[in-house]
Amino acid sequence: MSQLFSQSRYLVSAYRYDQLPEDNGQEIAFAGRSNAGKSTTINALTNHKGLAKVSKTPGRTQLFNCFEFAPNQRLVDLPGYGYAKVPEKMRQHWQKEIDYYLMNRKSLIGVVIIMDIRHPMKSFDEQMIHWAYQSGLHSHVLLNKADKLSRSQMTKALHTTQKNIATISDSTTCQTFSALRKEGADVLSNTLTPWFKSTHA
Ligand SMILES: Nc1nc2c(ncn2[C@@H]2O[C@H](COP(=O)(O)OP(=O)(O)OP(=O)(O)O)[C@@H](O)[C@H]2O)c(=O)[nH]1
Ligand SMILES: [Mg+2]
């Protein structure tokens, strides 16, 4: 497994786009519905339990949380989308900030889209894949919480999702994953490492 992400450290949390680190270097964003496991995935990838805050309460990540694993190379944990219980004002705020971030962030080179394997390809997920493809960004889908399914259900979900993705994008990759058990962390790490152009790729 690539060790690229194991030196990650917490950098900053931003409530607004203009509080993010300077827009240089390269970064990838972790996007997905609230509670899909974005923060747990960052912890599995970096092998740092507790680096990104995990909660049983959906809507927990209400900031852009930035982690740096090498000079000017970052992982960004985005607030979850689509959680109805988040107050309307907060939802609007985040919709606006995330949209602005996705449209304007020059250092953004790719997105990891995290879905609950039991409920994949919701409307926002599809939009994110479509947008990444159109924008020429790298994109990788994680079917997370695979530990909740049997092997055959898991394989079926993977094939169905791959077929659905192919109707939107021919460059988006997809894998099954369990952030909780770190199953698939090596595949994830090996997929993301070549996205970063540098001496360690
Ligand atoms: N069974 C199982 N549970 C998981 C897995 N990954 C995350 N969880 C659980 O799902 C819940 C949400 O995980 P988070 O990582 O906080 O999810 P998030 O997408 O960051 O959520 P927000 O920050 O609210 O958008 C927690 O209770 C995790 O322990 C997994 O692979 N398997
Ligand atoms: Mg989170």
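One-based numbering, in listed order, for ligands and for the atoms of each. Hydrogens, waters and symmetry mates play no part in the numbers below; they use all other heavy atoms, side chains included.
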Requested in this report: Work out which heavy atom in Phe5 is nearest to a heavy atom in Ser8; give both atom names and the distance.
Outcome: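 Scanning both residues, the minimum pair turns out to be O-OG, 2.6 Å.
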Do any nitrogen or oxygen atoms of [X] lie less than 3.5 angstrom from nitrogen or oxygen atoms of ligand 1?
X      : result
Thr41  : no
Leu180 : yes
Phe177 : no
Lys53  : no
Ala146 : no

**Report entry** salt_bridge(Glu68, Arg9) N-O dist < 4.0 Å
**Finding:**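 Arg9 and Glu68: salt-bridged.
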Query raised in the report: Out of Val54, Ile117, Asn65, who gets a non-hydrogen atom closest to atom 28 (C) of ligand 1?
Result: Val54
Query raised in the report: Using the ring of each side chain (for Trp, its six-membered ring), is Trp195 parallel, tilted or perpendicular to His138, with breaks at 30° and 60°?
Result: parallel
Query raised in the report: Does the ring centre of Phe67 sit less than 6.0 Å away from the ring centre of His48?
Result: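 No, too far apart.
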Query raised in the report: Below 6.0 angstrom between ring centroids: does that apply to Phe64 and Trp94?
Result: yes
Examine the proximity of ligand 1 to [X] and report which part, side chain or backbone, both or neither, has a heavy atom under 4.0 Å away.
X      : result
Arg181 : neither
Asn144 : side chain
Asp147 : side chain

Atoms of ligand 1, numbered as shown, that sit under 4.0 Å from any heavy atom of [X]:
X      : answer
Gly80  : 25 (O)
Lys38  : 15 (O), 17 (O), 18 (P), 19 (O), 20 (O), 21 (O), 22 (P), 25 (O)
Ala36  : 19 (O)
Lys148 : 1 (N)

Query - Glu22 atom CD, neighbour heavy-atom count above 12 within 6.0 Å - result: no
Query raised in the report: Do any of the N/O/S atoms of Ser39, backbone or side chain, fall under 2.8 Å from the Mg ion (ligand 2)?
Result: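 For Ser39, the answer is yes, given that an N, O or S atom comes within less than 2.8 Å of the Mg ion (ligand 2).
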Query raised in the report: Short question: side chain of Gln73, backbone of Phe69 - any donor-acceptor pair under 3.5 Å?
Result: no
Query raised in the report: Can you check whether Ser39's main-chain N or O pairs, donor with acceptor, with Lys53's side chain at less than 3.5 Å?
Result: no
**Report entry** Where at least one partner belongs to residues 99-113, residue pairs that pass salt bridge (charged side-chain N to carboxylate O under 4.0 Å, His left out), sequence neighbours excluded
**Finding:**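 Residue pairs passing salt bridge (charged side-chain N to carboxylate O under 4.0 Å, His left out), neighbours aside: Asp23-Arg105, Glu27-Arg105.
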Query raised in the report: With a 4.0 Å cut-off on heavy atoms, does Gly32 reach ligand 1?
Result: no
Residues 156-163 side chain polar contacts: donor-acceptor under 3.5 Å, at least two apart:
{"residue": "Thr160", "atom": "OG1", "partner": "Lys156", "partner atom": "O", "Å": "2.9"}
{"residue": "Thr161", "atom": "OG1", "partner": "Ala157", "partner atom": "O", "Å": "2.7"}

